[in-house]
Amino acid sequence: MIKADLVIENARQVITCRGKAPKLRGEMMDLGLITQGWVASYRGKISYVGEEKGFKEKVTLEKGCKVIDASEAVVLPGLVDSHTHLVFGGSREVEFVQRLRGVSYQEIARSGGGILSTVRATRAASYQVLLRDARRRLDYMLRLGTTTCEAKSGYGQTVDDELKLLHISRELHQSHPIDVVNTFLGAHTFPPEYLSRKEEYVDLLISEFLPRVREDGLAEFCDVFCEEGAFSLEQSRAILESGARLGFKLKLHADQLTSSGGAELAAELGAISADHLDYISDRGIEMLAEKGVAAVLLPGSNFFLRLNRYPPARRMIEAGVPVALATDFNPGTAMNESMPLTITLACLEMGLFPEEAINAATINSAYAVELHKSLGSIEMGKKADFIICSIPNYLHLIYHWGINHVHTVVKDGKIVVKEGRIINQGRFP
Ligand code: NIG
Ligand code: FE
């Protein structure tokens, strides 16, 4: 018999996203939908998913088993936000208004604002304040259905400040229901004190930052912002190759503002993901498909920067690239924690179909942080991470946009959000 200590009964629809991971091409249209579906978990892992008949035959409820009636709701896998800049000090609403007046993101950066202004504010902030603010952001994410997120450092830019940011996201991973995957992004921009000696900063990243982060076991991934005005292709290659030698998995901010060969580099180095990709070349698309590198698309930042240009998602899907979605949550280009809104933008602005966008925000996004074997879909043995939305069918998650439909969140088999409110702040024994 299968055991259960949590049961979700009689959901209008269970969107499982089951099957091969990542989903490619036409597979992205398959949500593995079960109508009148039942889901059970035991000790944090999914123990049953299917119809009522099988449930009644196979599953025994443990004493104290929690039963959630989902007859008015749709169940989906917990959303996976595979690209965020979670921990930072200060905010940039003044730049937002400057941009409304017509000043571009790059112009603001050149005049000392942009990433550098957040670096200053982050360095000046205490551990406790950074922790408190990042926790609050995770709370928003959780209420909006995110159960796993990636978090990049990158606003510290000294060894100590970068380690501080990674310690904070690690502490949050341990103390908040959301699973947080750490990425070291010391190569986010050149810190003010190195503006006239950029090569020295690259050398320092390689000789000091990366080994320290590795030694302290603080990040699984290493990322670089490869862009004109940030790190060149050659600098990016040198940093990522050193990271790989130390055992980091690789990511790359690639082809965001210009076509710089970033996607090709990510594929050549066997990165797990290449992110942004607004200006990806045809060759870049081919290479990502060939190597199975996830393309993490971040329509929220295009929208917020009013770029009128989005990554060629349709061409990537057709070419067989594993396409994923994430918020890019950060104070400059995407001050928004919402994966559901990201999904809606992906449909409206990049022409994804709802089914493709949901797979991109769950199982394919899990693939982009190499967690697709343990989460991202509702399948036996995977983590019991679900969201229960008060909607008549899954299309309403996207079509009825800009509000929060998430009623209940289950993380590792425990109810952490009930009626839209967080009821369990900490992790569980
Ligand atoms: O992903 N591209 C680089 N980094 C961020 C923006 C960071 C900022 O403006 O603070 C991004 O868009
Ligand atoms: Fe980013």
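Both counts, for ligands and for their atoms, begin at 1 and track the order of listing.
Remark: distances from the non-hydrogen atoms of Glu227 to ligand 1 are all 4.0 Å or more.
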Self-check item: Pair Tyr42-Tyr48, ring-ring contact (aromatic ring centres under 6.0 Å, His included): steps then yes or no
Solution: CA-CA 9 Å; Tyr42 183 64; Tyr48 179 86; over 10 Å; no
Exercise. Carefully, step by step, assess His85 and Phe329 under the rule ring-ring contact (aromatic ring centres under 6.0 Å, His included).
Key: CA-CA 6 Å; His85 304 253; Phe329 174 75; 8.9 Å; no
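If you check each of Phe225, Tyr155, Phe88 against atom 7 (C) of ligand 1, the one with the closest non-hydrogen atom is Tyr155.
The shortest N/O to N/O separation between Gln256 and ligand 1 falls below 3.5 Å. Taking distance alone, with nitrogen or oxygen atoms compared against 3.5 Å, Ser301 stays at or beyond that limit from ligand 1.
Between the side chains of His253 and His83, a donor-acceptor pair is found at a separation under 3.5 Å.
Cation-pi geometry between Arg137 and Tyr140 is not met at under 6.0 angstrom from the ring centre and within 45 degrees of the axis. For the pair Arg99 and Phe304, the cation-pi criterion (under 6.0 Å, within 45° of the ring axis) is fulfilled.
If you number the atoms of ligand 1 from 1 as listed, the ones under 4.0 Å from a heavy atom of Thr333 come out as 6 (C), 9 (O), 11 (C), 12 (O). For ligand 1, the atoms sitting less than 4.0 Å from at least one non-hydrogen atom of His85 are 1 (O), 4 (N), 5 (C), 11 (C), numbered in the order shown with element in parentheses. Residue Asn330 approaches ligand 1 through these ligand atoms, each under 4.0 Å from one of its heavy atoms: 5 (C), 6 (C), 7 (C), 8 (C), 9 (O), 10 (O), 11 (C), 12 (O). Of all the atoms in ligand 1, the ones that sit under 4.0 Å from a non-hydrogen atom of Arg92 are 8 (C), 9 (O), 10 (O). Close approach to His253 involves these atoms of ligand 1, each under 4.0 Å from a residue heavy atom: 1 (O), 2 (N), 3 (C).
Tyr105 OH, 2.5 Å is the protein heavy atom nearest to atom 9 (O) of ligand 1. For atom 11 (C) of ligand 1, the nearest protein heavy atom (residue, atom name, distance) is Asp328 OD2, 3.2 Å. Of the protein's non-hydrogen atoms, the one nearest atom 4 (N) of ligand 1 is His188 NE2, 2.9 Å.
If you look at Phe231 and Phe190, their ring centroids are closer than 6.0 Å.
Not a single N, O or S atom of His276, from either the backbone or the side chain, sits less than 2.8 Å from the Fe ion (ligand 2).
For the Fe ion (ligand 2), the nearest N, O or S atom contributed by Asp328 is named OD1.
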